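In what follows, chains are A, B, ... by sequence order, proteins preceding strands, each numbered from 1. None of these values were measured; they are calculated from a predicted model.
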Amino acid sequence: MGHYYNIDDIIMEEEPILVSFQVGANGVGLLDPSSETNSVEKGAKVDLPFWLAHELFLRQAASVNVPSCYSQKTRKEIQADAACVDLRSRSPYFYELGCKVAPLVGDKTIGSFLRHAFASRYKEALSKAHGAALAKPPKYLTYLTKEESSLFEAARTSMEAFKKWQAGGSRLERASILGRKRKPGIGTHPSSP
Amino acid sequence: MAGQSDPDLSIFTAPEVEFLAEDELVEIVPNMRMEALHMICGDFGPFMPQIAVKVPLWLAVALKKRGKCAIRPPEWMSVERLTQVCEAERESPREFQPLPFHYIEISRLLFDHAHDDIPNLYMVRSLIEDIRNVRFHKVETGLETISGRTHAVKLKNLSAMEVNIVRPFVVRALQAFYKHDSPEMIQQPEASASKRSQVVDRVPRRDLRPR
């Protein structure tokens, strides 16, 4: 379970992952689109959202497979050129999901793979973020996962705020309420005759 | 003390940092006579014509706007001094030169309000801009060395505004690295795992700019 109020954590748990049922289950046919009866057979492979897969795993009703975004193919691509890999299309919560899934599948290499991927992609974000205060590279941004793009945005907005401050402009802003004209006769008091 | 503008990240905006910088003392030469001012932070004055006196920057700017004084630029804002600093910054790629903590904000305020008091205004302005760019580039190249083993970053002689610019990025990056480097995620070999447990409170700290 994640932080109760963290919206990203909640959305992340919706990510589908592939599980195979260890037991047959009756009355839950809607989980398996290919099933003809109203039940899931033993050994059936079904895509379930992470929160459900996690609960089934704890009850030993299903075993979790390694999601495709941590496959050997992705690892090869990350090794070749980490910055150019489109991780968002694989999973917008690539790192968060990886952290959650790793203990379930018992794959010890996911942790170090995630760290390697983040460390090598972080450098690219660093060099682009502060320089991109005014002109942002739209293509690159679409490759970033949720976590990376919030990192990128944090750097970009702080640099932009500094540039704005340095360029000057009106130093004191008028509160919006001061600009309004007072309207006579509005409210509870009717205008006197 | 945290900034008021963003409760989540507790960062300052640039104008908030400027506000803090206005407490720095500068020397002014008044052209009027006035009693001493008794403030909570101390007494300033009395003000006599042509007698230099130290006041906070906000007071200096307020008096300057009314034409009651001339501001003496701080000694580090001279062309010779800044040229030295700029060359030293370029020559030493691994450390920052000591400059006033609020040098960016002070220079900006003086350029805006007291430009007639600064000799060689354009030269000084472009030198400060150069120094800032060189230093920021150093910060960026230094941050590239952050890796999973980094738990803290030491930045010596970095100024308020420079820290403020990189703060949101660095905080998030360090948090992410910390999360990915947690022991549950990375399985340590047995030998080093037992060694690490002894020094668990002495996590390695990376000097961004080791002396």
Side-chain angles (χ1 to χ4, degrees), chain A residues 2 5-6 94-96 98-104 106-133 145-173, chain B residues 5-6 8-9 11-19 61 104-105 107-109 111-113 125 128-129 132-133 136-137 139-150 161-189:
Chain A
Y5 292 109
N6 186 346
F94 185 78
Y95 300 107
E96 292 89 338
C99 294
K100 293 273 171 91
V101 162
L104 303 192
D107 188 345
K108 304 272 190 285
T109 58
I110 287 186
S112 47
F113 162 62
L114 287 181
R115 190 182 65 182
H116 171 73
F118 183 77
S120 37
R121 286 165 68 86
Y122 153 82
K123 284 183 187 137
E124 193 72 12
L126 169 75
S127 62
K128 289 201 170 128
H130 287 108
T145 71
K146 194 82 181 169
E147 184 173 343
E148 287 165 342
S149 63
S150 69
L151 185 67
F152 186 91
E153 277 304 307
R156 201 180 61 81
T157 46
S158 71
M159 195 62 184
E160 202 173 69
F162 170 71
K163 288 265 164 69
K164 205 170 145 195
W165 171 81
Q166 203 185 26
S170 70
R171 306 177 70 79
L172 293 175
E173 283 173 28
Chain B
S5 47
D6 190 346
D8 287 338
L9 272 174
I11 57 166
F12 294 100
T13 61
E16 279 166 350
V17 181
E18 181 194 302
F19 177 79
V61 168
I104 297 178
E105 303 90 302
S107 59
R108 157 91 207 273
L109 280 168
F111 292 147
D112 279 5
H113 299 288
R125 191 195 289 259
I128 286 182
E129 188 66 9
R132 196 185 63 75
N133 284 334
F136 197 78
H137 181 71
V139 173
E140 280 195 338
T141 49
L143 289 181
E144 276 178 21
T145 64
I146 290 186
S147 70
R149 290 273 167 272
T150 313
M161 192 59 93
E162 289 159 347
V163 172
N164 201 51
I165 292 171
V166 292
R167 181 183 287 128
F169 180 81
V170 174
V171 169
R172 275 170 186 273
L174 283 177
Q175 273 171 356
F177 274 119
Y178 184 75
K179 193 180 79 187
H180 291 146
D181 199 39
S182 65
E184 300 98 70
M185 291 304 299
I186 308 292
Q187 306 291 323
Q188 301 287 339

**Message:** The criterion is salt bridge (Lys or Arg N to Asp or Glu O under 4.0 Å); which residues satisfy it with Glu148(A), sequence neighbours excluded?
**Reply:** Arg121(A)
**Message:** Measuring from atom CD of Gln166(A) to atom CZ of Arg132(B), what distance do you get when rounded to the nearest 0.5 angstrom?
**Reply:** 4.5 Å
**Message:** If I compare all heavy atoms of Ser158(A) with all of Ile165(B), which pair ends up nearest, and what's the gap?
**Reply:** OG-O, 2.7 Å
**Item:** Heavy-atom check, side chain of Ile104(B) versus side chain of Phe162(A), under 4.5 Å
**Value:** yes
**Item:** Residue part contacting chain A, namely of Glu129(B), when any heavy atom lies under 4.5 Å
**Value:** side chain
**Request:** Identify the two heavy atoms, one from Met159(A) and one from Phe136(B), that lie closest to each other, and give their separation to 0.1 Å.
**Result:** SD-CZ, 4.1 Å
**Message:** Distance check, rounded to the nearest 0.5 Å: Arg108(B) atom CZ versus Trp165(A) atom CH2?
**Reply:** 5.5 Å
**Complete:** Correct closest heavy-atom pair for Ala161(A) and Ala14(B) would be O-CB, 4.3 Å
**Request:** Quick one: sort the Tyr122(A) and Phe169(B) rings into parallel, tilted or perpendicular, breaks at 30° and 60°.
**Result:** parallel
**Item:** Side chain, backbone, both or neither of Ser150(A) within contact of chain B (heavy atoms, under 4.5 Å)
**Value:** both
**Item:** Under 4.5 Å from any heavy atom of chain A - which part of Gln175(B)
**Value:** neither
